[in-house]
2 protein chains.
Amino acid sequence: MHKVTFKFENSEDVTVFAAFGENLLEVARKTNVAIDAPCSGNASCGKCKVKLVGGKLESKKTRHISDEEYEAGWRLACVSTIQDDVEVLVPDIASAYRSRMKVADLSSPGEIKIFDDLKEQVVDAGILLKNDMELVDLTMDVPTLDDTMPDNERFTRAMQALTGMEYIRIPYSVMKKLAVVLRASDFHIQVIYRKTEHDVFVYDVVENEKEVFVGGLAIDIGTTTVSAIVIDMLTGEIKAKGSSGNGQIRYGADVINRIIESMKPGGSSRLQKAVVEETINPLIDTMCRQAKINHKHIYRMSVASNTTMNHLLLGMNGDPIRTEPYIPTFFKTNSVFARDIGIKISSEAHMIVAPNIGSYVGGDITAGAFVSMLWNKPEFSLFIDLGTNGEIVFGNSDFMFSCACSAGPAFEGGDISCGMRATDGAIEACTIDKETMEPSFTIVGEEGTKPIGLCGSGIIDVISELFRCGIISPKGKFIREGERIRHDKYGMGSYVLAFEKDAGSVKDVEITEVDIDNFIRAKGAIFSAIRTMLSYCDFDVSMIEHVYVAGGIGSGINMKNAINIGMFPDVPLELYEYIGNSSLVGAYAMLYSTESERKVYELAQNMTYIELSAITSYMDEFVGACFLPHTDAALFPSVVSE
Amino acid sequence: MHKVTFKFENSEDVTVFAAFGENLLEVARKTNVAIDAPCSGNASCGKCKVKLVGGKLESKKTRHISDEEYEAGWRLACVSTIQDDVEVLVPDIASAYRSRMKVADLSSPGEIKIFDDLKEQVVDAGILLKNDMELVDLTMDVPTLDDTMPDNERFTRAMQALTGMEYIRIPYSVMKKLAVVLRASDFHIQVIYRKTEHDVFVYDVVENEKEVFVGGLAIDIGTTTVSAIVIDMLTGEIKAKGSSGNGQIRYGADVINRIIESMKPGGSSRLQKAVVEETINPLIDTMCRQAKINHKHIYRMSVASNTTMNHLLLGMNGDPIRTEPYIPTFFKTNSVFARDIGIKISSEAHMIVAPNIGSYVGGDITAGAFVSMLWNKPEFSLFIDLGTNGEIVFGNSDFMFSCACSAGPAFEGGDISCGMRATDGAIEACTIDKETMEPSFTIVGEEGTKPIGLCGSGIIDVISELFRCGIISPKGKFIREGERIRHDKYGMGSYVLAFEKDAGSVKDVEITEVDIDNFIRAKGAIFSAIRTMLSYCDFDVSMIEHVYVAGGIGSGINMKNAINIGMFPDVPLELYEYIGNSSLVGAYAMLYSTESERKVYELAQNMTYIELSAITSYMDEFVGACFLPHTDAALFPSVVSE
């Protein structure tokens, strides 16, 4: 056995033993060392770059490692095997998806404005902002030798009198503690319950003097990113907010790779654990610690996610989703409790799952479309959710069509060599001086934070600016020379955004032709999906009256730049509205407002799914859109006229 | 640290390390070495006798160890501390309660006759012998590109059509496997479900070709002994039967000691684990292995037990049961699932709990009284359940009174130096030659099994015979001399039933004056409870028209001998009927027949509880009954006339 030491930029070393010839990425996986491998470890994404600082690895050389880099010790973990004791440095960027958990600062008004906006609009739409959870003080007679009713009967009768309901459900977890809680506060207690049409369900009983919190958890599970909030179910107030990379990323970047992984022996359980135990539970922990909340006081939760993500979350075999005739286990389900899948909140917490409408249009879109409110307005509106899957809804209060396209993780910084989520150190906005070709940035984090990589909105800016300055061609190839422009021995060009000395990492921050190409295909998928769906419904881009842009890409997204690169249709800028992570906001709506929950179900029922791959013109549209801005320049008059 | 080696008569050594001065019984507990300590380790019961075969212990000498025994190395584990490396021999008898699991031979007609008798009587009483579990073959259309309904909807619709019910509940465990099971057998599956008034609950889906078993589990949890059966829920057939000592015994012999233990930090959880993990789960394992059943195919269970036992099973604080005003958490509960308390059967299995009617008359008695059928007959009947708690019901189809008394574990062989449960090697019947004082036995087990100890029915016989032969006085003192009669230096007499050379153990099998005294107090408690309750209700022993005797004491119980020693009222022998472990049989009835379950609830509602300790004459009655047969000989005319 050989000693393998993983070193990090900002944390303690991890040392394990591995056999001669073992794959370094596998060793890291077994050891729970986070090294992203969106391509599932087949040397195609170049994300798992680590630096050999001692010992010996046998590594294939790939196009992702330049000669200089190889010389300096850089290797792809996925093609390296252990030859002796080794020490490797894992740069922050290599684990950016998984390890960087971001907790929001709720004192900043931006973080909660989007939820406040939603609440206002929901109320305007005549929907009650209220759920069925209640907290009440309850006093019972203290038992005596002449009044020897058992505790559960005494409690049941008091609850019947209080609620006017016959059927009071007391789960085991509550019954177990009843004797102690009643006697600790002299039969004067606080009760957390939920009253429905049919019955009353008691979630918890708490001693009279103790502080009580009635918590709820809403989660958006994206293929790449997981975001969540903890709320007060009684007031709707957001108590904590956080996001983290989806731990499943090491099993593949997109839903297809994940499904394939889930079919291997033990695969479904492995993928379920990656998202529940490595991602969701630590996120809950972090949020609860920050907000000083006991995780057991979260009594209800909601999840919005695409169809594959919610099936893998529930540990189900995803194969029937992937293979003809594409049948998921469920569109709607009401059967799941948090405890069933190991989510560590109250053992009685029920899970609301935003309904899917097809194998590739899931709960993230039904919840998100609800948030856009397009279903409540006469205008023809376009809703675009920029995720690893791009999903599009078009319609108004009379009709709704939806479709999905596979964009890949580029909008969340995946498939991009220096891509990352919008956490500290990410370049989120950029301009380039046409003359000097020098860039200026906005960087996520405190003043003075150095750049580490690029998040989605930053990539849009960089590509738009490179194109505007004539640095790259409409095909995304470098056509100017300069200090910041390099070509490797294969002729692949790149633009250095920040040299190592100015960067927050151990490497230059740059964007390569491969990155640009990946991004162009992602934006091409979105634009061609929009065009194909609209024309399938006998509509035209010019008839769009409003565009809602959703996704974790961030409020920093520059719509003009997105039009400039041909990602969004060239309609007046004022029609665009960024509505944030509408999947998470929709999950919040379903959690906090029972009428909103019903509305999402209704809306899902009324949404027509269009399978793009069945429309022959889609492929032609896609090829035309893989260009800056498009092969048909007439589609982008505002860009061409610049 | 010192090395402590536990040696056994029939199994491998167990070696652990312990600190100087550690208590030997505690070391055994921590190591899961079964040494019974019904007195909770305070040197009063003498059950934890072990033999020091090497090394050094410091041990207090107690009345339970004679000089000869001490010389030979016998020590009480509870008063011994580690002084050096030690080797101790743990005789079989020291772990008789816990470690000897007994599995019934169902091919012997006796084992199942009692259940067949019950079924006949239940049918005679007009009660439907049927539950709501069903197994059905279900065929669905195979999905196509034109029929893309998700699996759960397809399944739900098929079940709606089959059952005519609107609401089909599919739990997570079933939904999770649905896609795989449907596709493994081409959408032609077997479904196990339960149909009630309101809904259909799906317990399981199984591939078409696989063998299916719809199992049920009934358990009687006694303070000393736990018995269980696994049944086929569709036919009522008993597939396996077994019994085991209650693992809680090491925390005390009676309910009061157990409750006290449960109040210590972590106590409720410790007691719950002792009965669930050490007793019930291994019993399920053993039964399932014997009957070749997968434990996950047990979809429903029932429990009958006294109030303290069912509270401790559910991990509840038992203290309010013990202290004025004696309030249990529940009489009736419908909230518990097997998974809630870690019982390893189907995760969806619901637990039927036979209802309690008071802090000291529990579900074992309501279930047992149901089995006696006294509630369905005009005769005034007495129902006696001989357990660690003795419970008595008197009544007929018009009224029922019940009371409880603390008999201690003597009827199950506890509190008796050579006492044991009715497993292999137990003397279950005995006669003594008046002339020679030589005993003859019936021993549990195969022909030629040597005696190890005495079970309840054997003790009754031995004491009755010793008294009949004039070997002991009415006070239980030895008054004849002979080879088999010994006195220790404190003057305590004993009678040797089998000398070491003829015994199946490493010690003589004998009965001492202390044993006799313990037993006289146990039988006195029963008889005085009967007298007190009858006279409280203005009845008299002579008005009894039938006596049902229940309990794990065994069908070998000699009613005449039980009358001879003044344990049962002196009414004609033909009025007596042994009905077996009526608590277990009642649990079976509730499990297999939904109408029987309802009937037990109804019966519990109609039973009046009498608190004996509130009746002043009870103590006088008890004192009078602590005599062979009684201080008032007129109460036992048939005995005196012999």
Side-chain angles (χ1 to χ4, degrees), chain A residues 142-156 169-183 198 202 268 272 307 311 314-321 323-337 339-341 347 351 356 358-359 609 611 614, chain B residues 142-156 169-183 198 202 268 272 307 311 314-321 323-337 339-341 347 351 356 358-359 609 611 614:
Chain A
V142 176
T144 63
L145 277 175
D146 296 321
D147 172 13
T148 58
M149 200 184 285
D151 292 343
N152 71 338
E153 247 174 86
R154 185 175 306 271
F155 176 59
T156 298
R169 289 162 67 201
I170 308 174
Y172 171 66
S173 64
V174 171
M175 207 170 67
K176 187 177 176 183
K177 70 202 279 195
L178 194 57
V180 173
V181 173
L182 287 175
R183 282 164 187 80
H198 310 290
V202 178
S268 339
Q272 186 178 38
T307 309
H311 278 64
L314 301 186
M316 289 166 180
N317 181 334
D319 194 43
I321 295 176
T323 49
E324 211 179 285
Y326 315 111
I327 309 293
T329 296
F330 67 92
F331 284 165
K332 296 178 284 183
T333 179
N334 204 16
S335 306
V336 190
F337 289 80
R339 62 164 183 259
D340 287 332
I341 60 170
S347 62
M351 187 186 289
N356 305 317
S359 280
Y609 173 63
E611 176 57 49
Chain B
V142 176
T144 63
L145 278 174
D146 297 322
D147 172 13
T148 58
M149 201 185 281
D151 292 344
N152 71 337
E153 247 174 87
R154 187 176 304 272
F155 176 59
T156 298
R169 288 162 65 200
I170 309 174
Y172 171 67
S173 64
V174 171
M175 208 171 65
K176 187 177 175 183
K177 71 202 278 198
L178 194 57
V180 173
V181 173
L182 287 176
R183 282 164 188 80
H198 311 290
V202 177
S268 336
Q272 186 178 37
T307 309
H311 279 63
L314 300 187
M316 289 166 181
N317 182 334
D319 194 44
I321 295 176
T323 48
E324 212 179 284
Y326 315 110
I327 309 294
T329 295
F330 66 91
F331 284 166
K332 295 178 286 183
T333 177
N334 204 15
S335 305
V336 190
F337 289 80
R339 62 163 183 260
D340 288 332
I341 60 169
S347 62
M351 187 186 286
N356 305 316
S359 279
Y609 174 63
E611 175 57 50

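Computed from heavy atoms alone, side chains included, the values below leave out hydrogens, waters and symmetry copies. A quick note: this is a predicted structure, and the numbers were derived from the prediction, not measured. Within every chain, numbering begins at 1; the chains are lettered A, B, ... in the order of the sequence lines, protein sequences first and strands thereafter.
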Is [X] close to chain B through its backbone or its side chain, or both, or neither, when contacts mean heavy atoms under 4.5 Å?
{"X": "A:P143", "result": "both"}
{"X": "A:T148", "result": "both"}
{"X": "A:R169", "result": "neither"}

Spacing of [atom1] belonging to [X] relative to [atom2] belonging to [Y], to within rounding of 0.5 Å:
{"X": "A:I327", "Y": "B:M149", "atom1": "CD1", "atom2": "CE", "result": "9.5 Å"}
{"X": "A:K176", "Y": "B:D340", "atom1": "NZ", "atom2": "CG", "result": "9.0 Å"}
{"X": "B:L178", "Y": "B:N152", "atom1": "CG", "atom2": "CG", "result": "7.0 Å"}
{"X": "A:Y326", "Y": "A:E324", "atom1": "OH", "atom2": "CD", "result": "5.0 Å"}
{"X": "B:M351", "Y": "B:I341", "atom1": "CE", "atom2": "CD1", "result": "3.5 Å"}

*Taking the side chain from A:T307 and the backbone from A:G358, do they hold a donor-acceptor pair closer than 3.5 Å?*
yes
*Taking every heavy-atom pair that is under 4.5 Å apart, which of A:H311, A:R183, A:K332 has the most such pairs with chain B?*
A:R183
Selection from [options] maximising heavy-atom pairs under 4.5 Å formed with chain A:
{"options": "B:V336, B:L314, B:D147, B:N356", "result": "B:L314"}
{"options": "B:G315, B:S347, B:P171, B:S268", "result": "B:G315"}
{"options": "B:M316, B:R154, B:E611", "result": "B:M316"}
{"options": "B:A179, B:S173, B:P328", "result": "B:P328"}

